There are 2 protein chains.
Amino acid sequence: MNKKMIRIKDIAKLAGVSVGTVDRVIHKRGKVSEKAREKVESVLQEIDYTPNLLAKTLGSNKVYTIALLVPHPGQDPYWKLSMTGLDIAQKEWRPYHMELQPYFFELENAKSFTAAAQQLLKDSPDAVVSAPIFLHEAVDFFKQLDQLSIPYVHFNTMISEVSPLSFIGQDSYQSGRLGASLLHLLTKDQTGSPAILHIRESVQHSVHFREKERGFRDFFGAMSPSQTVTAITIEGNDMDTFEEKLIRGIKKHDIKGLFIPTSSGAKLTANALEKNGLQHISIVGYDLLKENIDLLKNDKINFLIHQNPSRQLFRGIHHLANHLLFKKSAPSKELFPLEVITAENVDSYLEAVLH
Amino acid sequence: MNKKMIRIKDIAKLAGVSVGTVDRVIHKRGKVSEKAREKVESVLQEIDYTPNLLAKTLGSNKVYTIALLVPHPGQDPYWKLSMTGLDIAQKEWRPYHMELQPYFFELENAKSFTAAAQQLLKDSPDAVVSAPIFLHEAVDFFKQLDQLSIPYVHFNTMISEVSPLSFIGQDSYQSGRLGASLLHLLTKDQTGSPAILHIRESVQHSVHFREKERGFRDFFGAMSPSQTVTAITIEGNDMDTFEEKLIRGIKKHDIKGLFIPTSSGAKLTANALEKNGLQHISIVGYDLLKENIDLLKNDKINFLIHQNPSRQLFRGIHHLANHLLFKKSAPSKELFPLEVITAENVDSYLEAVLH
DNA sequence: GTGAAAGCGCTAACAA
DNA sequence: TTGTTAGCGCTTTCAC
C-alpha cells in the first residue's frame, strides 16, 4: 500500500556520488566538478524526483511571523468581515509554526496608521499583509519594508507606488460595469436616470471609487449613449442631512436606480427611500454585511456585489506563508471573481466555507 | 527572528519522564502509569503545545494514492472543466507524496463505470473521489469500498444510499429557485410562461434535475400562484428533431423564458431560437463552457449558473489528502455558493485562480 | 511501564 | 571538490 519514493540517497547511489554532492547539484550551491555534475544530472533526467517538502522544512526549525496591518474590525462592518479570513488562516497555518499578528488602525485616522506601522516595524515580522488605505503614509511604510527586505502583499486597495509581492482584490473598473449592468437590467423599462452614490467616508479610498464610477459610466455610455448618468455625492455624516440631501438629489435628477459602492451605504439609502415612499427605486450595493443581507431578503436591495474581504486576507496570508516556508512564488496579482448576490443565492454564500 | 517552539522533548524534561512516555500520553497508546500520566498532563495544561505536523508526517514514510472515478473528459465539456481541478490538486499535493490516479468511464455507459470501478479496486488506492452518476452500479461499488474501509468522497451528485466521508456540490433545489428568480427578473414584464427544459441526456442524473425543477416551480408558485410553469422534455439526441420539438413546445405553451439545467443544452437552444426568430426568449443556463461564455457575451444567453466542477473535484481531493496525511476531519457536506454569471463578470471568473 | 535509540529525507557543518 | 555526519521533531521498536 505504501510505495517508496525516490530520495536523494537513491540518486547518490545511482550516480555514484554522495548525498552532499547531489544536494549541491540540485541547489546549485557550493563547488561541484563538471564530471560529478553531469553524472547527477543524467540520473535526474532519467528518474522523476520530487523533494520531500516535509523533510526540507523540518530542517529549518523556525517560527515565522506574518504581521497584518488592517483597519480596526470594531469600527467598520466591512473590515470586521475580513477578520474571519484571519481566523481560518490561523487554524490552517498554526501547525506549520506560522504566527499571525494583527495590528489595527483607525479608518478615519491617518496618524493611527502610522503608529500601528511603527509598532509593527519594532516587532520585525518576517512578512506583512496590509490594506494600504492611507496612500501617503502607506508608501513611506512600504518603502521601509523594501529596505528591510521584508516581503509584503496588499489586498483590497491597489496602489501603484510600491511593488508588493502580490496584490489581491478585484478589478474595480469591471466591478462598476457589473453594477451598471445589473442596474440596467432592473430599470431598463423605466424612464429616469441611473446614479452612482458616493458617501463621504468613501473619499479615502478614492482610487477604488473613481474606477467604479468610470466603469459604471462606461457601461451606460456604450449601452445607450443618450442615457444620462448621475453621480450623487453626499458629504458629512449627519444622518438627518444625509436623508434630506439624498432625496433632494433623487428628485432633482429623476433617479430610477442607485449603485452604491460603499458597503454600509445601502442600508442608509434603503431606509431613507422607504421613509419617503420611494421603494420603487432599485439598489445595487456591496458586500455581505448583516444588514445588507436582511435588506436583500426583504427585497429592499436588489443585488449585492461580493468582494469577499475575508478570502482576500486569507489568500494574502496564504501566499506569504508559502513564500516563507516553501519558497513558492506568488502571482503578482490575484483578481477575485465579481460575485453577484441575490435573495436566492445569498444563503449559499453564507453556508459556504471560505471559498 | 526565529522563536523556538515547545517540543515533546521539552515536555518530557518538565515532567521528568522520557519522550516515549509523553508520546504515549498524548496519543493514548501503550501503557502508562497513573503517576506518569498525571505529571505529563499537568505540564500539558500549563504550556501551549502544538505538535509539528511536518515531523509527524515525515515519520511515516508512505506515498498515498487517491483514485478518481469520473466521466471521461473527452466526451463531455462539463466534465472536461472539472479536470483542471485535478491538475491543480496534483501540483499542490505532489510534494507531500500524494498520488492522484484517474479512472474514466463513459457517460452513457453504465458498463464502463463498472469496468473502471473494477480496475480501480484492483489497484487498491488509499482513498477515492467520485461522481456517483450511475446510481445502481455506484451503490454496489461504494459498499465494497466501505467493506475495505477505503474512505471516499462524492462530488457533483448526491446519493443517499451510502455514506461518503464528504459530499461536495451545490444545493440543487436552491439552484432551481435561483434560476427561476433570474428568469423572472428577465421576463417579469412579459406575458407567457417560463419553462424548464430537460434534454434527454439529463435523465441519468435524475435526482439533480428533479430537484432543480422542484425549486424552479416553487419559486414561481410563491411569487405568483397564477403563473403557469411549463416543463419541456426532449427525448432523443437527433439534432433536427430537437429543434423541431423545441419550437413546437415553445409555441404551444407560449414560452417567454427557458431555464436549462444541462450545461450543453443552452447552445443547442440558443441556436434553434435564433434560426426561428425567437431571440427575444430569455435563457438561463449552466456552467462556463466555452460556447456558453461566447453566447453570454453575445447576449444570446442572459445568465449562467456556475457549478464550479473543477473546484468541486479539487476540494474533494483536498479533504481526502488531509484525512490521509494529517488525520484532519472533513465536513460531511460542503455546499458551494450558487454563482451567478453575466456578460460583465464572466471574465473575472475566467481570470481567477481556482477559487 | 518506561527509557533509549534508530530512522523518516533533507540541510548544513565539518573533515578529508 | 568531495564524503560523512549530526541534527530537525516525531514515531516506533526494542530492551530492561
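The structure presented is a predicted model; accordingly, all values stated were derived computationally and were not measured. These numbers come from the heavy atoms of this one structure, side chains and all, not from hydrogens, waters or symmetry mates. First the proteins, then the strands, lettered A, B, ... as listed; each starts at 1.
Note on B/T21: a side-chain N or O is less than 4.0 Å away from OP1 or OP2 of C/dG3. Side-chain N/O atoms of B/S33 include one lying less than 4.0 angstrom from OP1 or OP2 on C/dT2. When the side-chain nitrogen and oxygen atoms of B/Y49 are compared with OP1 and OP2 of D/dG9, none of them lie within a distance under 4.0 Å.
No hydrogens or angles were tested; on distance alone, a donor-acceptor pair under 3.5 Å links the side chain of A/R24 to the base of D/dG3.
Counting to the nearest Å, the C1' atom of D/dG3 and the CZ atom of A/R29 are 16 Å from each other. Rounding to whole angstrom units, CG of residue B/D23 and P of C/dG1 are separated by 17 Å. A/E38 has its CD atom 14 Å from the P atom of D/dT1, to the nearest Å. To the nearest angstrom, C1' of D/dG9 lies 12 Å from CG of A/L54. We find that NZ of B/K9 is positioned 12 Å from P of C/dA4, with the value rounded to whole Å. One can place CZ of A/R7 at 12 Å from P of C/dG7, the figure rounded to the nearest angstrom. Between B/I26 atom CD1 and D/dT11 atom P there is a gap of 8 Å when expressed in whole angstrom units. Rounded to a whole Å, the OH atom of B/Y96 is 16 Å from the C1' atom of C/dC8.
Of all nucleotides listed (D/dC10, C/dA5, C/dC10), C/dA5 comes nearest to the side chain of B/V19. For A/K56, the side-chain atoms get nearest to C/dT11 when compared with the rest of D/dC10, C/dT2, C/dT11. Side-chain proximity of A/I8 to C/dT11, D/dC10, D/dG9: nearest is C/dT11. Each of D/dG9, D/dT12, C/dC10 was ranked by its minimum atom distance to the side chain of A/N52; first place goes to C/dC10. Of the candidate nucleotides C/dT2, D/dT2, D/dG9, C/dT2 has the atom nearest to the side chain of B/A36.
In B/K328, the NZ atom is crowded: over 12 heavy atoms of neighbouring residues, nucleotides or ligands sit closer than 6.0 Å.
Note on B/R37: nothing from the nucleic acid sits closer than 4.0 angstrom, heavy atoms only. Using a 4.0 Å heavy-atom distance criterion, A/V17 is classed as a sugar-phosphate-only contact.
Two residues are said to be in side-chain contact when any heavy atoms from C-beta on lie closer than 4.5 Å; B/L148 and B/L121 meet this criterion.
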Exercise for review: Kindly indicate, with the supporting measurements, whether the criterion side-chain contact (heavy atoms from CB on, under 4.5 Å) is fulfilled by B/F167 and B/L335.
Suggested key: CA-CA 8 Å; B/F167 163 74; B/L335 288 182; 4.2 Å; yes
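Using modelled atom types, one finds no donor on one side chain facing an acceptor on the other under 3.5 Å when comparing A/Q312 with A/N308.
Using a 4.0 Å cut-off between a side-chain N of Lys or Arg and a carboxylate O of Asp or Glu, A/R7 and A/D10 qualify as a salt bridge.
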